[in-house]
Amino acid sequence: MRVVIVTESFPPDVNGVAHCALQTARHLAARGHDPLVIAPAVTGSDSGAPCPVVRVPSMPLPGYPQVRVALPSRRLAAALTAHRADVVHLASPFVLGVRGMGVAARLGLPAVAVYQTDLAGYARTYMGAGESTAWRRIRTVHTAADRTLAPSSAAVRDLEEHGVPRVRLWPRGVDTVRFRPELRDESLRRELAPGGETIVGYVGRLAPEKCVELLAGVCALPGVKVVVVGDGPSGAALRNAIPGAVLLGRRTGEDLARIFASLDVFAHTGPYETFCQTVQEAMASGLPVVAPAAGGPLDLVDHGRTGLLVPPRDAGAVRDAVAALVADPARREAYGRAARATVEGRTWAAVGDQLLGHYAEVLRERTAVAA
């Protein structure tokens, strides 16, 4: 198949949308298909893509320069037309993806839209309002697609409850070769926690919707060192909000995998995750997970077996869950082993083949309608 992936973000960006779009392109190429990526222009060019990438003009999002927003451009329609696509894959359509949907409709091409960003949650966080407007936009965009793929049971339920039709579950894979317990590095642990503390880590964007400040109580636990990996607009404020934490900034690749494996507990705090890839990467690294009982983590964390789920936005519950695991090394080890075993079959190849199945079904449905 000839597939055009229209994505709001792509490497060298570091986020869930960019990572999933890259893995999709890699899987299509590995299976002998012909992908093309269309994405906003960014600084830097190390995308690692196995296919051509067309960059359209973009500008930084005001107040959040790490996010680029595509500007109107003829490159999108020209590239999509020239590729002679069989399917248009819209990764988290918001600005560029909406335009891609319009071009696909004009050309009579089937479109598969991947829901990946909780816009309603962002509206609550950044504006204190606007949820209904966000859901109207989501409903309009995804209703125009032949199929919407949601990454978790909670996301499927939210979409269906807000009137989005033709929704199917499509989870995310994890690289269990890169992220593995064997990368645990004792010299790195001594560097991060010179006093031999139990290391509790967070990995992800540092932004208001991630609620990383909820780790303040964990920082105060005796014998605990909090390590935060990532960057974003909340970075400077977090230095005061979580005193004593080690902020490592953005890390990628093998460096990130080594940090994951060198933690003792992984704590995620964001309540608006449609999936939460870093939870899977922590599980692949053999870590017990503490996460909110909301959104994607509900599918990922088996409470009392691979980690602990806590009420969203409850700093005390996060502290208490982490404290319980810190106090019980045997429990941590058992949860970590179970976490690793749980994700070993969730490879990108496996979920990539599921995606190909969705494409094939959409193409069959189009053919049946045409007949």
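These numbers were taken from a predicted model, which means no experiment stands behind them.
Electrostatic pairing of R340 and E344 counts as a salt bridge here, judged by a charged N lying under 4.0 Å from a carboxylate O. With respect to R189 and E191, no salt bridge is recorded, no charged nitrogen being found less than 4.0 Å from a carboxylate O.
Centroid-to-centroid, the aromatic rings of H142 and W135 stay 6.0 Å apart or farther.
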Step by step, would you call F260 with T278 a side-chain contact (heavy atoms from CB on, under 4.5 Å)?
CA-CA 9 Å; F260 260 118; T278 57; 4.3 Å; yes

Give the C-alpha distance, both sets of side-chain angles, the deciding distance and a yes or no for side-chain contact (heavy atoms from CB on, under 4.5 Å) between Y202 and V226.
CA-CA 8 Å; Y202 165 88; V226 172; 5.9 Å; no

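Environment of CZ in R31: crowded, with over 12 heavy atoms of neighbouring residues, nucleotides or ligands closer than 6.0 Å.
The distance from atom CG of L90 to atom CZ of R99, rounded to the nearest 0.5 Å, is 13.0 Å. Between L149 atom CG and L355 atom CG the span is 6.5 Å, to the nearest 0.5 Å. With values rounded to the nearest 0.5 angstrom, R205 atom CZ is found 9.5 Å from S234 atom OG. Between the CD atom in E160 and the CG atom in D158 there is a gap of 10.0 Å [rounded to 0.5 Å].
By the 6.0 Å and 45° rule, R137 stacks over the aromatic ring of F94.
Linking ILVMFWY side-chain heavy atoms closer than 4.5 Å, directly or via other members, places I5 and L80 in two distinct hydrophobic clusters. V53 and V14 end up in different hydrophobic clusters when Ile, Leu, Val, Met, Phe, Trp and Tyr side chains are linked at under 4.5 Å. The cluster map of Ile, Leu, Val, Met, Phe, Trp and Tyr, joined by side-chain heavy atoms under 4.5 Å apart, puts L300 and F266 in the same cluster.
Between the side chain of R251 and the backbone N or O of L248, at least one donor-acceptor pair lies under 3.5 Å.
In this model, a donor atom of one side chain and an acceptor atom of the other lie less than 3.5 Å apart for S9 and N15. A donor atom on one side chain and an acceptor atom on the other are not found under 3.5 Å apart for H358 and R168. A donor atom on one side chain and an acceptor atom on the other are not found under 3.5 Å apart for R172 and Q280. Counted by atom type alone, D299 and S153 present one or more donor-acceptor pairs between their side chains at under 3.5 Å. Between the side chains of D353 and H27, a donor-acceptor pair is found at a separation under 3.5 Å. Using a 3.5 Å distance cut-off with no hydrogens or angles, the side chains of T342 and T306 do not pair a donor with an acceptor.
Y359 pairs with exactly one of R147, H89, H33 by the side-chain hydrogen bond (donor to acceptor under 3.5 Å, both in side chains) rule, that one being H89.
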